[in-house]
Amino acid sequence: MLYYLFNYLYKVHHVPGTGVMQYSSFRAALAIVTSLIIAQFFGAPLIRILQRQQIGETIRDLGLQGQMEKKGTPTMGGLIILLAILVPVLLFAKLDNIYIVLMILSTVWLGLIGFVDDYIKVVKKDKEGLAGRFKIMGQVGLGLTVGWVLFFSNDVTVRQYLLANGQSSAVDASTIYQDVKLMITTIPFAKNNELNYGDLFATAGDFFNEYYAFFYIPIVILIITAVSNGANITDGLDGLAAGTSAIIGTTLAIFAFVSGNALLADYLDIMFIPNSGELVIFCAAFVGACVGFLWYNSYPAQVFMGDTGSLAIGGIIAVLAIIVRKELLIPVLCGIFLIENLSVMVQVSYFKYTRRKYGEGRRLLRMSPLHHHYQKLGYHESKIVSRFWIVGIMLAVLTLVTLKLR
């Protein structure tokens, strides 16, 4: 909103200094500062409100060190994250940008699903929370919406540069260009690193070649569901999900910045995505919200984010990666979420298999998700979180290396 006010003052009244809002880097700086301030000044009052309402975490005794000390710690702290994201974005981003609209929609959508789940758990005292099928339906609904908009909206394009003879060329800011509707993504570590989803059906007939949305949209649904659930599972130790998400968000901000800047995209020889640079403002608010939340969520936590926060941050990361055409990098960038997800799947599958074969279930890990396995091995919670952050930083660096290493 402030962007439009300053833009009006600059273009109509020529007020000195108001033109600075034209720079996305300046607005991103304002967004991250504002999100940190919101998390700091509204976090403590919200925690007190949650304490007064007795909205505390119910702990099931799993025999983990320090576990029962967390009983009664306020949950639904994800509201701090949502507030610290949405307010700066509404203030400083271009609200008519299709990508910003999708990000706001994703944040509110999954935030509401998580809020309902937390409400049922802590207010209605139903430990099961929102039924799993309803969570999945909500995630699928968001994936369907995001995939549909990205596939069919004429505002979602990539820039294609042309040689004098009309053939496509590598990105070159000095050549003629056209913004085209192509559903392409980046293949990591490959020299000609663009995959056109439509090419997968090039020999399948005109119908499939034209309507490969039936393939693309399910991929979007799968990614959003998997990453949001991965973040949800990772949210089991103080500061683990928030810190990991801040690292991932910073990486995605870099991708959004270079993908939305014609000169940098030209230099790095990557696809230029018109209007995607606006996502830097959203990423800045997201990182600021996660870091600001860590003030209260770091060990020992004063508040937990609950599903209100974990489902939302996972969905945000997934949609951001899809928009900047880096969804194939998610297994690397979100490696912490992936391994946490896999640890649960492998543990459950192996237990069921051995129960059928030997008559009793056996476990590969002492407990899943993986962070609880290390707790069972005697590692302190803060050491586990710190080391997971270090791994997350290493994965982020590896992901950024793909910009040049092919």
Side-chain angles (χ1 to χ4, degrees), residues 106 110 136 139-140 142-143 146-147 150 183-197 200 215-236 240-256 258-259 270-271 279 283 286 290 310-349 364-365 368-371 373 387-406:
S106 302
L110 288 177
I136 296 296
Q139 292 165 331
V140 169
L142 177 62
V146 171
L150 291 177
M183 300 318 298
I184 59 178
T185 189
T186 303
I187 304 174
F189 303 109
K191 189 170 183 63
N192 298 315
N193 64 335
E194 291 181 1
L195 169 67
N196 188 336
Y197 286 103
L200 299 175
F215 175 75
Y216 175 76
I217 293 177
I219 290 177
V220 174
I221 293 172
L222 176 63
I223 292 170
I224 292 175
T225 303
V227 179
S228 60
N229 284 330
N232 186 237
I233 290 173
T234 303
D235 182 34
L240 179 55
T244 304
S245 297
I247 295 167
I248 296 171
T250 302
T251 308
L252 289 171
I254 295 171
F255 279 125
V258 298
S259 298
I270 61 174
M271 73 176 82
L279 287 172
C283 291
F286 175 72
C290 291
S310 61
L311 287 178
I313 62 178
I316 287 168
I317 289 169
V319 177
L320 278 170
I322 293 168
I323 288 175
V324 297
R325 316 297 177 107
K326 298 295 184 290
E327 61 266 31
L328 297 184
L329 281 167
I330 284 178
V332 179
L333 178 60
C334 302
I336 297 296
F337 295 167
L338 176 63
I339 197 66
E340 292 276 48
N341 247 336
L342 288 177
S343 68
V344 175
M345 295 168 62
V346 170
Q347 182 87 326
V348 172
S349 299
L364 287 172
L365 303 174
S368 64
L370 185 62
H371 55 260
H373 170 73
R387 290 184 173 177
F388 271 54
W389 285 356
I390 293 170
V391 173
I393 292 171
M394 294 168 62
L395 292 173
V397 171
L398 178 61
T399 305
L400 290 173
V401 166
T402 63
L403 287 170
K404 293 299 289 182
L405 186 59
R406 303 171 191 168

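For the atom pair S259 OG and M271 CE, the distance stands at 7.5 Å (nearest 0.5 Å). With rounding to the nearest 0.5 angstrom, the CD1 atom of I187 is 8.5 Å from the CD atom of E194. The OG atom of S349 sits 10.0 Å away from atom CG of L342, with the distance rounded to the nearest 0.5 Å. Atom CD1 of I233 sits about 7.0 Å away from atom OG of S343, to the nearest 0.5 Å. Here the straight-line distance linking atom CD1 of I322 with atom CD1 of I330 works out to 6.0 Å at 0.5 Å rounding. Taken to the nearest 0.5 Å, the CG atom of L110 stands 6.5 Å off from the CG atom of L311.
Scored by the side-chain hydrogen bond (donor to acceptor under 3.5 Å, both in side chains) test, T185 finds E327 as partners (sequence neighbours excluded). Every side-chain hydrogen bond (donor to acceptor under 3.5 Å, both in side chains) that N232 has, sequence neighbours left out, goes to D307, S310. Taking the side-chain hydrogen bond (donor to acceptor under 3.5 Å, both in side chains) definition, one finds that Q139 meets it with S228, N229, sequence neighbours left out. Every residue was checked against the side-chain hydrogen bond (donor to acceptor under 3.5 Å, both in side chains) condition with T244, not counting sequence neighbours, and none meets it.
Looking at F337 and I317, their side chains come closer than 4.5 Å, going by heavy atoms from C-beta outward. The closest side-chain heavy-atom distance from I313 to F286 is below 4.5 Å. Considering only heavy atoms from C-beta on, T234 stays 4.5 Å or farther from P369 through its side chain. In this structure, E340 and F388 have side chains that are in contact, with non-hydrogen atoms separated by less than 4.5 Å.
A pairwise comparison of heavy atoms in A231 and A241 identifies O-CB, 4.3 Å as the closest pair. The two residues V319 and S106 come nearest to each other via the heavy atoms CG2-OG, 3.5 Å. Closest heavy-atom contact between A226 and N341: O-ND2, 3.2 Å. Looking at every heavy atom in both residues, I221 comes nearest to G143 through CG1-C, 3.5 Å. Among all heavy-atom pairs drawn from P331 and L338, the shortest one is O-CD2, 3.8 Å.
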Checking T186 against I270 for the side-chain contact (heavy atoms from CB on, under 4.5 Å) test, could you report, in this order, the C-alpha distance in whole Å, the side-chain angles of both residues, the deciding distance, and whether it holds? CA-CA 9 Å; T186 303; I270 61 174; over 6 Å; no

Derivation and outcome, side-chain contact (heavy atoms from CB on, under 4.5 Å), residues I136 and T225: CA-CA 7 Å; I136 296 296; T225 303; 4.0 Å; yes

Could you pull out every donor-acceptor pair under 3.5 Å between side chains of residues 246-256 and any protein atom, sequence neighbours left out?
from: T250; atom 1: OG1; to: A246; atom 2: O; distance (Å): 2.8
from: T251; atom 1: OG1; to: I247; atom 2: O; distance (Å): 3.0

Enumerate donor-acceptor pairs with a distance under 3.5 Å from any side-chain N or O in residues 391-404 to protein atoms, sequence neighbours excluded.
from: T399; atom 1: OG1; to: L395; atom 2: O; distance (Å): 2.7
from: T402; atom 1: OG1; to: T399; atom 2: O; distance (Å): 2.4

